[in-house]
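Supplied in C-alpha cells, the structure appears directly below.
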Amino acid sequence: MTTSAPARHTVPGSAGLRLAALGDRAVLHDLYDETGSAVYHDLSAQDTLEVRELLGRVRTVPGPVLELAAGSGRLTFPLLALGRDVTALELSSGMLALLRQRLDEAPARIRNRCTTVHGDMSDFRLEGTFGAVVLGTTSISLLDAAGRAGLYEAVRGHLAPGGRFLLSTVERPADEAEGADGSDGTDGADGTDGADDTEVVLDVVGASGRGYRMHEHWPAGADARVITVFPAEEPASGTVPVATSTVGVLPVARLTAELAAHGLTVTARYPLPSGGWRHRDVLLEAEVAA
C-alpha cells in the first residue's frame, strides 16, 4: 500500500469527468495520506460493519491481539474493550497519527494496553506471538499478490499455538461461482441480465456532519474497484480536496487457495451484514495447518 499522490488519469467514470471539470481547483489525494486519512476517518468512525462478528471470534481464543492495517482505530477500540492487550500496526502516517491522538484522549486503562507500530502488514517482525491476528475492513484487498504472500508468511510466524487469523473480504454475489483462478462466469455487469452497474454514486454524511459524494467504479469482472470521494458541496472558489483509492477485489475462493499455499487453513467463513446491494462481505477464520 502506498500513500503517494495518485495520478488524475487513474480516476475513471463520472468521478473522472467531475475531476476534469474542476480542473486545477481539484487537489487529488490518496485516501490514506494525511488529508485523505481525515476523510476516511470521518466516513468510517460510525461504521460498525463486521465489529460484532470479529469480537465474537476473538473472544474464543486467549492471548494478545495483533491488528493489522489498524487505521484510525475503528476496530482497535472495540478490541481493547474486550480487555485484551492490542498491538495496532499501520503503514499510513496520517492514519497512525489519528489513532495515537485518539489513544492519548482515552482513559489510561485503555491507552496502556495498546502498542502502536508504524509498519507494513506485508513485511513485519514483532516480538512475541498473538492469540488472534485481525485484518478487517477488507484491507487485504490493498495488497498485490506479492504483498499478500508476505502477509501470509508474517501472520503464520506470529500466531501462537491454536491462534486464529481473522480477515474480511468483499466480493460480488456473482463471485460465488468464480473459481480460485479468478475466472468469471457472469453475463452482465451485475451477473444477471446484462444491466450496467459499473458505477454507483452515494451521498454520505461523516461523523463530523460533513457531507461527501462517494463514487465507486467497479466494472464487471474487474479485479479492482476505484473509490473517489468529493465534498458534497464544492466551495465557490479555492481548492477542492478529492480523495481516491484503488482497491483490489479478492473472492473467497481465491483467498482460501492463497492461504492454503502458505500453510494457513480456512476453518470457517461467516457472512457479514451487507455493505451494499452489490457487495457481499465475508469474514474468514484461518489457523496454521497441522
Side-chain angles (χ1 to χ4, degrees), residues 1-8 10-11 15 19 22 26-51 66-80 86-106 110-111 114-124 134-144 147 151 168 170 202 204-216 224-232 234-235 238-248 275:
M1 186 175 74
T2 179
T3 56
S4 58
R8 285 173 174 259
T10 63
V11 179
L19 194 66
L22 286 169
V27 180
L28 195 59
H29 297 271
D30 188 279
L31 194 55
Y32 301 97
D33 70 14
E34 184 174 356
T35 298
S37 293
V39 173
Y40 181 93
H41 173 68
D42 196 26
L43 288 171
S44 67
Q46 301 180 103
D47 181 8
T48 60
L49 180 67
E50 79 186 351
V51 174
L66 170 60
E67 183 191 4
L68 303 175
S72 59
R74 186 180 76 92
L75 297 175
T76 312
F77 285 90
L79 289 168
L80 288 166
V86 176
T87 296
L89 182 145
E90 173 57 49
L91 179 60
S92 164
S93 297
M95 289 289 190
L96 198 59
L98 286 168
L99 174 55
R100 287 171 172 166
Q101 179 182 338
R102 294 184 68 194
L103 287 167
D104 286 344
E105 297 168 353
I110 298 291
R111 180 175 63 250
C114 187
T115 301
T116 59
V117 177
H118 185 214
D120 186 341
M121 63 177 166
S122 68
D123 183 16
F124 62 90
V134 172
L135 178 56
T137 325
T138 69
S139 295
I140 192 168
S141 59
L142 296 170
L143 297 175
D144 60 16
L151 165 73
S168 58
V170 62
L202 300 173
V204 293
V205 178
S208 67
R210 287 191 295 271
Y212 302 92
R213 178 157 291 183
M214 183 167 64
H215 298 245
E216 182 190 62
R225 54 196 175 111
V226 180
I227 310 296
T228 309
V229 184
F230 294 82
E234 298 160 1
T239 60
V240 179
V242 181
T244 189
S245 181
T246 299
V247 183

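Along the sequence shown, the residues carry numbers beginning at 1.
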Hydrogens and angles aside, do R100 and T116 bring a side-chain donor and acceptor to less than 3.5 Å of each other?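 The answer is yes; a qualifying pair exists.
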Hey, are the side chains of V134 and L68 touching, using non-hydrogen atoms and a 4.5 Å cut-off?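 No. Closest side-chain heavy atoms not under 4.5 Å.
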Y40 vs Y32 aromatic rings, parallel, tilted or perpendicular, using cut-offs 30° and 60°?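 Correct class here is tilted.
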Going by heavy atoms in the side chains, are P231 and V240 under 4.5 Å from each other?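 Sidechains of V240 and P231: in contact.
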Taking the side chain as every heavy atom from C-beta outward, state whether V242 and T228 have any pair of such atoms under 4.5 Å apart.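 Yes, side chains in contact.
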Kindly compute the distance separating OG (S168) from CD1 (I140), expressed to the nearest 0.5 Å.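 Nearest 0.5 Å value for the OG-CD1 distance: 9.0 Å.
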Would you say E34 has more than 12 foreign heavy atoms packed within less than 6.0 Å of its CD?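 12 or below, so no.
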Heavy atoms, side chains only, cut-off 4.5 Å: are T244 and D30 in contact?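 When only atoms from C-beta onward are counted, D30 and T244 do not touch, as no gap falls below 4.5 Å.
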State whether the side chain of R74 and the backbone N or O of D47 hold a donor-acceptor pair below 3.5 Å, judged by distance alone.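 Checking the backbone N and O of D47 against the side chain of R74, a donor-acceptor pair under 3.5 Å is found.
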Does L202 offer a backbone N or O that forms a donor-acceptor pair with the side chain of R213 under 3.5 Å?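 Flag not set: sc R213 to bb L202 has no pair under 3.5 Å.
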Any side-chain heavy-atom pair of L89 and M121 under 4.5 Å: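 L89 reaches M121 side chain to side chain.
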Please name the pair of heavy atoms, one in L31 and one in A243, separated by the smallest distance, quoted to 0.1 Å.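 Result for this residue pair: CD1-CB, 3.6 Å.
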Can you measure from OG (S37) to CG (D42) and round to the nearest 0.5 angstrom?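 Here the interatomic distance stands at 12.5 Å.
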Check: V51 main-chain N/O paired with T48 side-chain donor or acceptor under 3.5 Å: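 No, because the side chain of T48 does not come within donor-acceptor range (under 3.5 Å) of the backbone of V51.
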Working to the nearest 0.5 Å, report the span between CG of L80 and CG of L103.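 Separation between the atoms: 7.0 Å.
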List the steps, then state whether side chain to side chain contact (heavy atoms under 4.5 Å, CB included) holds for R210 with V205. CA-CA 6 Å; R210 287 191 295 271; V205 178; over 6 Å; no
Strictly distance-based, threshold 3.5 Å: is any side-chain N or O of S139 a donor or acceptor partner for the main-chain N or O of L135?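 Answer holds: no.
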Is there a side-chain contact between F230 and M214 in this structure, where contact means two heavy atoms from C-beta onward sitting under 4.5 Å apart?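 No, every pair of side-chain atoms sits at 4.5 Å or beyond.
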Report yes if the side chains of L142 and S245 come closer than 4.5 Å at any heavy-atom pair, otherwise no.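 When only atoms from C-beta onward are counted, S245 and L142 do touch, with a gap below 4.5 Å.
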Please walk me through it: do L151 and L143 pass side chain to side chain contact (heavy atoms under 4.5 Å, CB included)? CA-CA 9 Å; L151 165 73; L143 297 175; 4.0 Å; yes
Apply side chain to side chain contact (heavy atoms under 4.5 Å, CB included) to the pair V117 and T87, showing each step before the final yes or no. CA-CA 7 Å; V117 177; T87 296; 3.8 Å; yes
Between the main-chain N or O of T137 and the side-chain N or O of E50, is there a donor-acceptor pair closer than 3.5 Å?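 Such a contact is found between E50 side chain and T137 backbone.
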Polar side-chain atom of E90 near backbone of G71 as donor-acceptor pair, under 3.5 Å: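 A pair under 3.5 Å: yes.
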Taking C-beta and beyond as the side chain, do E67 and L75 meet within less than 4.5 Å on heavy atoms?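 Contact flag for E67/L75 side chains = yes.
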What's the separation between atom CG in D33 and atom OG in S93, rounded to the nearest 0.5 Å?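 So the CG of D33 and the OG of S93 are separated by 10.5 Å.
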Do any N or O atoms from the side chain of H29 and from the backbone of G36 form a donor-acceptor pair under 3.5 angstrom?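 The answer is no, because no donor-acceptor pair under 3.5 Å joins these two groups.
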Quick one: CD on Q101 to OG on S72, what's the gap to the nearest 0.5 Å?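 Answer rounded to 0.5 Å: 10.5 Å.
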Does one side chain, of S122 or D120, offer a donor that lies under 3.5 Å from an acceptor on the other?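 Checked: S122/D120 side chains pair up, N/O donor to acceptor below 3.5 Å.
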Ionic contact status for D104 with R111, cut-off 4.0 Å: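 No.
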Apply side chain to side chain contact (heavy atoms under 4.5 Å, CB included) to F124 and L66, showing your working. CA-CA 11 Å; F124 62 90; L66 170 60; 3.7 Å; yes
